[in-house]
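To keep things clear, I will list the structure first and then write my remarks on it.
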Amino acid sequence: MNATLNFWNLGINGWANAYYSAAVQAGSIDWKAYFFGSLDWGNSITVDKPPLSLWIMGLSARIFGFSPESMMAPQAAMGVLTTFLIYALLRRNFSAPAAIGAAAVFFTTPIITLLSRYNNPDPLMLLLMVAAAYLVVRAVDSGSIRTIVWAGTLLGLAFMTKQLQALLCVPALGAAFLLASKSPLWHRLRVGFACLAALLVSGAAWMIIVELIPPSGRPYVGGSPSNSIIQLTVGYNGIERIISTQEDPVIQLIPEGFRSEKSDAGLFRLFNANFAQEGSWLLIVALLACLIIAMNWRQLMAEPGKLATAVAGVGWFLTTYVLLSFMGNEIHTYYTAAMVPPLTLVIGVAVDVLISCRITVAARLSICVTGFLGSAFAAAILNAGSGWPNFIGPAIVIVGCVGSVLIAIRPPFGWIDKVAVGLLVLALLAAPSVVSVYNAASPHAGSNPLSGPVTKSEVTISRFLEGASKGDPLWAQELGFGLEPGEALIARLSGATNCRWAAATYPGQTAAKYQLAVGKPIMSISGFMGVDPSPTLQQFQEEVESGNICYLVAQQSHLDVPGRSSTLKEISVWVEQTFESEIVDGAEVFDLRNKAPAR
């Protein structure tokens, strides 16, 4: 079922996030672009993430040809493999129903379905984090240094996929091993240091190589104001995302209704209409599951494997929940995917605990309350989206209510329990499953894909991005989705010969879409957001003088946005003063091979 959901109609998203698609295209053509994760095979600038996920998609493109399907197939396979690993992790020490239920929760969560069919780096990061958790639990059982070293290696590779976000599970996994392992303390510490060393080696190797190569010998590090992969890691992909409270909607893409507020950060952020539809369908259930686990701690402490899984799941889940709830305004809605694997683990552990003591009144009441609240909340999230038939939400609540009532009291016949459990599973998974099917059947695009249809509320991110995708406002379309070149413009740029770059333009998504349409390298001036100082005016002038750039396509609406790179503005002014322009398909195009007459 998971494979069907992930692989069916796989090419419907087209180039999806064109920014990463262009980098995969570049890597499928040029090995230097492949290694660095360059946006173009002229190697002017890299994307703003390490390239590990691009390597896998790029290798698929090299083998099967560059297409949406060849690029997305590894992503879909990663989603299926992650589902299997969640099942395998829980099945080592818990019952089959608990493991199967957790796996089902994972692959039916809408943001997981969406990203498993998308080209953002998250599927690889989640796969590596779950695989590391599986190895840590195995290491608790075996005490093997080799196993824990492999876990550290996978965590380092997860770091190389999306940097600091991949380390959210590290404290919990470390605590799980130290608390659950029965080996002597000195051995546990020695194994822990070996894991940390493996993480550092696998996570930092590529970064060190990039940092040691002189800037003249590699592309500019996109997302870094100082052309440093270290700065990118610590700043743009690290601390800045956690503590940023900027109100600039260019960065946050926050809808107008929220612009008067400094932030929506807080304990209930993941319950609001911006985030709930992504990964919070069973968030209430997971929080109650943590309480159930805490109340039955003695039962879990009897077996090291169970204790390790519980500590890892609860610690990882609460760490991620708190960070996502309180991090700064540079959060994206799809970041909620990072919470889903540990959410499924705590639900799986709690299910097993309740199954083992199901004859008690306390266990049955826990199932009753959790099932009812979970189904009611899932129905409320579904009801917040537009376009659904009115009967679905109430039907889910009724089914959940009936199942909860039936499970509350021990019945005279065993089949009643089976019916009750079936009804609760249906009530809890129906809403996210419906949205997941919607995600698989509907096209998605842009840098911040959203699950399900737009919300009924007019002041949500989904409404804002729906308008942005249609050019309202135009700067948001340029930043989040990119502009599609018209046929005449494609023909003009396709005819560019003897140039390293057919054209230069901005911002990153627009440059990517031009490159995908034209099939020739397009220079992205100032990177993804239009704020990177690359290239400098002098560098750009030298490339033009050398005949390496045929055209510049100006995007005036982007230049009007506050905070754009000063080098981008300097280049624009110089080009306007030096070359004549013409309008092609509504775009202002400068032919950089022919200077304008002296003015």
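Legend: residues meeting side-chain hydrogen bond (donor to acceptor under 3.5 Å, both in side chains) with Y20, ordered by chain and number and at least two apart, are absent. Legend: residues meeting salt bridge (charged side-chain N to carboxylate O under 4.0 Å, His left out) with E542, ordered by chain and number and at least two apart, are absent. Under the salt bridge (charged side-chain N to carboxylate O under 4.0 Å, His left out) criterion, D122 pairs with K162, not counting sequence neighbours.
No side-chain donor-acceptor contact under 3.5 Å links T505 to the backbone of A511. A donor-acceptor pair is defined here as one N or O able to donate and one able to accept, closer than 3.5 Å; no such pair exists between the side chain of E484 and the backbone of A517. Formation of a donor-acceptor pair under 3.5 Å by the T161 side chain with backbone atoms of L124 is not found in this model. Put simply, the side chain of S581 never gets that close to the backbone of V589: no donor and acceptor are under 3.5 Å apart.
Just one of V531, L568, I45 meets the side-chain contact (heavy atoms from CB on, under 4.5 Å) condition when paired with S526; it is L568. Just one of N17, T333, N120 meets the side chain to side chain donor-acceptor pair (under 3.5 Å) condition when paired with N448; it is T333. Applying the side-chain contact (heavy atoms from CB on, under 4.5 Å) test between P110 and each of L450, V340, N439 identifies N439 as the sole match.
Listed here is the closest heavy atom pair of Q515 and P521: OE1-CA, 3.6 Å.
Under a 4.0 Å N-O distance rule, the pair R593/D591 qualifies as a salt bridge. In this structure, K513 does not pair ionically with E478, as no charged nitrogen and carboxylate oxygen lie closer than 4.0 Å.
Remark: aromatic rings of W15 and F66 are close, center separation under 6.0 Å.
Side chain to side chain, S462 and T455 meet the donor-acceptor criterion of an N or O pair below 3.5 Å.
Seen from the ring of W31, R62 counts as a face-on cation partner, given the 6.0 Å and 45° thresholds.
Ring geometry for H444 against Y438 counts as perpendicular: the plane angle is over 60°, on a 0 to 90° scale with 30° as the lower cut.
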